[in-house]
Visitor: 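Questions regarding the structure given below will be posed in turn.
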Amino acid sequence: MSEISVQLEGGRSVQVPAGATVAEAIKAADRDAAKQALAAKVNGREVDLSAKLDETAADGEPVRVEPVLPGTLEGLDVIRHSTAHLLAAAVLDLFPGTKLGVGPALLEDPRYGFFYDIIAPRQLTEEDLPVIEKRMRELAKRNLAYRRDEISKEDALRVFGEREEPLKCELIEEKAGEVVSVYYIDGSPFIDFCLGPHVPNTNRLKAFKLLSLSGAYWKGDAEREQMQRIYGTAFATQEELDAWVKQREEAEKRDHRRIGKELDLFSIQDQYGAGLVFWHPKGAVIRKAMEDYLYEELNGRGYTFVYTPHIAKRDLWVTSGHDQSYGDSMFSPVKLEDVEFRLKPMNCPFHIGIYKSQQRSYRDLPQRYAEMGTVYRAELSGTLHGLMRVRGFTVDDAHLFCTPEQVRKEIGDCVDFVVDVFKTFGFEKVKFELSVKGDDTSKQWLGAEEDWAHAEKELASALGERGVPYERVEGEAAFYGPKIDFKIEDAIGRLWQLGTVQWDFNLPERFGLEYIGEDNKAHRPVMVHRALFGSIERFFGILIEQYTGAFPMWLAPVQVAVLPITDRANDYVERVAGELRQAGLRVETNTRGDKIGAKIRNAQLQKIPFMLVCGDREMEEGKVAVRERSRGDIGAMSLEEFRELAVRLVRARSLVNE
RNA sequence: GCCCGAGUAGCUCAGGGGUAGAGCGCCUCCUUGGUAAGGAGGAGGUCAUGGGUUCAAAUCCCAUCUCGGGCUCCA
């Protein structure tokens, strides 16, 4: 029998007999790695440890073998994918007749490790999860082998047909070549259409946990079967799993809905309508600070401000195309004297109205209209989520009307603007996406093919010129043009879209926008939609989680709490507070009968940046004893000294209180 | 909208076919205390809404609304 020479990645080379398995080859070269290996890469291709080497041997060249180890991303992928199979095996065991959908590993979404979509004979409830998890542990302990087989497509269809797995058959029909890779777990009814690789045995799966149960449509299509999705996660070790669980519990404490209530920032009240936000005084003051900041920036960047109505005749929305392309997301029309009106889901047509109100010369361009424009969208009830997805929200909107020559610079300026704004708030992990038209016909894309291509190129170069890394996403564009989106993660890892820069070659066309050029002829302007926060509500939600409610000075609803130690200091405290308010600071006093410890605790829980403790000593010396919320007691200083510090922090929009 | 779960005091939650419970908060009084909870007393609830079963429903059943986790959709 001939021999194969094997080069272990980063290790020694060995000779193994042809037909030896990958596991045997690794064992011959490195016993330690053999014990740890979950799968392997042979000449760069991921395979099972049980794969035979001659299958992959190249002529003469040594075969490169690299074990896939726990602690690597590939290893985690194998573990999670294998655990998803174990989940399916346990479900089939407990609920015979269950139909299987898909069960991938998830590595990018920090919330979950894997899921499996199933249709069980009865609806599963969350009480079933511990039972399923227990069965998974039993199967894991029995050390069952994952076995891979290659069969013909015909046989595969027959096998899955006999097992009454219609969804799997559908997948095979669509995705399989002539040879189909299938996996079994020995001693279990489980069989799957899958490329692998998997761990060799179920006892390699030591640390997993089922997390939640939810609905999912087959292939994400609401017209197709409603399935149940079981989410879980898995790690190489129990310690990693425990750490993950703990971290998730911590993250949940940052939930903006919880903090919003604790700090009395906002509410959403069922009796007045789901998805409609009430900004309480302490939330409103933060919003005001955010808006003031924006207005300052907008002014500096050559924007002008406008105000427009919240509702308009339906005809306007027909002209803009919203009625046809976006009508499902709009509130139904309301009628007045036989004329139909619709609430605005976007501000653009109104800004166009201002543009169109007079003849424009090329000398007037670009026109940059900015508005905190409140819009209303008919979001499905199940999608609503705190401040992140609501039915009424305010967009820090702007529309730029410019000549084709100007658009490139305008878009570049928008990108710069966005980057600056995110920096001010201290965001570091911003994801940029270039969303372009897709092939699917479900969206009613408006505009000519070459316009789309041209616009995409301009947007891409605006990002490219600034060295901003971005991802190109097909099919995510608005119906009227491609766009750049800015996304940020919330506390528990959900990604939310904030700002956007959108190229629109559709609306200028539909509304017949014009400007008179140097040549004294009418030309069509280019229109750019752009928002930085996106929705002020959503941005606020993200901010709450970003700061865990501990807002920097310039945003904090109460910036300073002045606390008397005894009643004797009450007058002094009021005088101190008054002086600080004169300097423009937001100040609260607490003259109730509590001891100083309780007053401090109170202010601390409210996450007030500075506490000024005032007793006999401070009164005598005209000082305040300063306590900063994260550093604690930082000693006494004169009132003037503190006032200057506080004012400086606010003016600088400092993210830290130093 | 769809699947699963949940709705009890202002908040967080326990309870459960037959006087409605706790902690925090709130109010009153006592206490004037130097850097994360001083003490006592008190007020406060058609147990989400509407039907049904039952001698009796906050509790069991159905529907509706809302919330939570997802799916779809999206800022």
Visitor: Work out how far the C1' atom of B:rA75 is from that of B:rU35, and round it to whole angstrom.
Guide: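 That atom pair is separated by 44 Å.
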Visitor: Ignoring backbone atoms, establish whether A:Y112 has a side-chain N or O less than 4.0 Å from OP1 or OP2 of B:rG70.
Guide: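 True: A:Y112 side-chain N/O within range (under 4.0 Å) of B:rG70 OP1/OP2.
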Visitor: Polar atom pairs between nucleotides 66-68 of chain B and protein, under 3.5 Å, N or O only, would you list them?
Guide:
from, atom 1, to, atom 2, distance (Å)
B:rU66, O2', A:D270, OD1, 3.1
B:rU66, O2', A:D270, OD2, 2.8
B:rG68, OP1, A:R257, NH1, 3.2
B:rG68, O3', A:R257, NH1, 3.1

Visitor: Between B:rC47 and B:rA20, how far apart are the two C1' atoms, rounded to whole Å?
Guide: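 Here B:rC47 and B:rA20 have their C1' atoms 8 Å from each other.
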Visitor: With rounding to the closest Å, how many angstrom separate the P atoms on B:rU53 and B:rA57?
Guide: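 My reading of the P atoms in B:rU53 and B:rA57 gives 11 Å.
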Visitor: Looking at every strand, decide which applies to A:L498 at a 4.0 Å heavy-atom threshold: base, sugar-phosphate, or nothing.
Guide: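 A:L498: backbone/sugar contact only, no base atoms under 4.0 Å.
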Visitor: Using OP1 and OP2 only, check whether a side-chain N or O of A:K219 sits under 4.0 Å from B:rU72.
Guide: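 For A:K219, the contact criterion (side-chain N or O under 4.0 Å from OP1 or OP2 of B:rU72) is not met.
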Visitor: Rounded to whole angstrom, note down the C1' distance from B:rC30 over to B:rA56.
Guide: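 Comparing C1' positions in B:rC30 and B:rA56 gives a spacing of 47 Å.
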Visitor: Could you measure between the two C1' atoms, the one in B:rG25 and the one in B:rG44, and give it in whole Å?
Guide: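 That atom pair is separated by 12 Å.
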Visitor: Separation of A:D221 atom CG from B:rC2 atom C1', in whole Å?
Guide: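 Nearest whole value for this atom pair: 13 Å.
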Visitor: Atom pairs under 3.5 Å, N or O on each side, protein against nucleotides 31-36 of chain B: can you list them with distances?
Guide:
from, atom 1, to, atom 2, distance (Å)
B:rU32, O2, A:D567, N, 2.9
B:rU32, N3, A:D567, OD1, 3.2
B:rU32, N3, A:D567, OD2, 2.8
B:rU32, O4, A:D567, OD2, 2.6
B:rG33, N7, A:I565, O, 2.5
B:rG33, O6, A:I565, O, 3.4
B:rG33, N1, A:G593, O, 3.4
B:rG33, N2, A:G593, O, 3.4
B:rG34, O6, A:D616, N, 3.3
B:rG34, O6, A:R617, N, 3.0
B:rG34, N1, A:E618, OE1, 2.8
B:rG34, N1, A:E618, OE2, 3.3
B:rG34, N2, A:E618, OE2, 2.8
B:rU35, O2', A:R627, NH1, 2.9
B:rU35, O2, A:R627, NH1, 3.3

Visitor: With a 4.0 Å cut-off, would you call A:R287 and A:E537 a salt bridge?
Guide: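 A:E537 and A:R287: salt-bridged.
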Visitor: Atom CE of A:M388 and atom C1' of B:rC73: how far apart are they, to the nearest Å?
Guide: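 Atom-to-atom, A:M388 to B:rC73, this comes out as 17 Å.
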Visitor: Would you classify A:E537 as touching base, sugar-phosphate or nothing, given that sugar-phosphate means primed atoms plus P, OP1 and OP2, and contacts are heavy atoms under 4.0 Å?
Guide: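 Nothing: the residue A:E537, judged by heavy atoms under 4.0 Å, touches no strand.
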Visitor: Looking only at atom C1', what distance separates B:rU66 and B:rG17, rounded to whole Å?
Guide: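 Roughly 27 Å separates the two C1' atoms.
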Visitor: Counting any heavy atom closer than 4.0 Å, what does A:V375 reach on the DNA or RNA strands: base, sugar-phosphate only, or nothing?
Guide: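 Result for A:V375 = nothing.
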Visitor: Would you call the rings of A:Y231 and A:F115 parallel, tilted or perpendicular, taking 30° and 60° as the class edges?
Guide: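 Because their plane-to-plane angle is over 60°, the rings of A:Y231 and A:F115 count as perpendicular.
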Visitor: Could you tell me which residues satisfy side chain to side chain donor-acceptor pair (under 3.5 Å) with A:D633, sequence neighbours excluded, listed by chain and number?
Guide: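 Per chain and number, A:D633 pairs via side chain to side chain donor-acceptor pair (under 3.5 Å) with no residue.
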Visitor: Which of these passes ring-ring contact (aromatic ring centres under 6.0 Å, His included) with A:F533: A:F540, A:F425, A:F393, A:F417?
Guide: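 Only one option passes, and that is A:F425.
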Visitor: Determine whether A:K487 and A:L498 make a side-chain contact, defined as any pair of heavy atoms from C-beta on separated by less than 4.5 Å.
Guide: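 The answer is no, as the side chains (C-beta and beyond) never meet within the 4.5 Å cut-off.
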Visitor: What is the separation between atom CZ on A:R530 and atom C1' on B:rA75, rounded to the nearest whole Å?
Guide: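 Between C1' of B:rA75 and CZ of A:R530: 13 Å.
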Visitor: Distance-only check: which donor-acceptor pairs under 3.5 Å involve side-chain atoms of residues 609-621 of chain A, not counting sequence neighbours?
Guide:
from, atom 1, to, atom 2, distance (Å)
A:D616, OD1, A:R568, NE, 3.2
A:D616, OD2, A:R568, NH2, 2.8
A:E618, OE1, A:G615, N, 2.9

Visitor: With heavy atoms under 4.0 Å as the rule, sort A:L563 into base, sugar-phosphate or nothing.
Guide: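 Nothing, no nucleic acid heavy atom in range.
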Visitor: For A:T383, answer base if it contacts any base atom (sugar-phosphate contacts may also be present), sugar-phosphate if it contacts only those atoms, and nothing otherwise; contact means non-hydrogen atoms under 4.0 Å.
Guide: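 Base contact.
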Visitor: Among A:Q123, A:Q228, A:R122, exactly one meets side chain to side chain donor-acceptor pair (under 3.5 Å) together with A:D128. Which residue is that?
Guide: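 For A:D128, the side chain to side chain donor-acceptor pair (under 3.5 Å) check succeeds only for A:R122.
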Visitor: Measuring only the C1' atom in each nucleotide, how far is B:rA6 from B:rU54? A whole number of Å is fine.
Guide: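 Result for the C1' pair: 26 Å, nearest Å.
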Visitor: Please, what dot-bracket string fits RNA chain B when only Watson-Crick and G-U pairs with both distances under 3.5 Å count, crossing ones use [ ] and pairs to another strand use |?
Guide: (((((((..((((....[..)))).(((((.......))))).....(((((..]....))))))))))))....
Visitor: Does A:S212 or A:V395 map to a spot on RNA chain B nearer the 5' end, using the closest nucleotide for each?
Guide: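 Closest to the 5' end, via its nearest nucleotide, is A:S212.
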Visitor: Determine the Euclidean distance between corresponding P atoms of B:rG39 and B:rA48; express it in Å to zero decimal places.
Guide: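 The same atom, P, in both gives a distance of 34 Å.
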Visitor: Indicate whether OP1 or OP2 belonging to B:rU12 is found under 4.0 Å from a side-chain N or O atom of A:K261.
Guide: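 Answer is yes, contact under 4.0 Å.
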Visitor: Tell me whether A:Y231 is stacked on the nucleobase of B:rG70, counting only the six-membered base ring and applying the 5.5 Å and 30° thresholds.
Guide: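 By the stated criterion, A:Y231 and B:rG70 do not stack.
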Visitor: Sequence neighbours excluded, which residues qualify as side-chain contact (heavy atoms from CB on, under 4.5 Å) partners of A:T383?
Guide: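 Once residues adjacent in sequence are excluded, the partners of A:T383 under the side-chain contact (heavy atoms from CB on, under 4.5 Å) criterion are A:E379, A:L380, A:R389.
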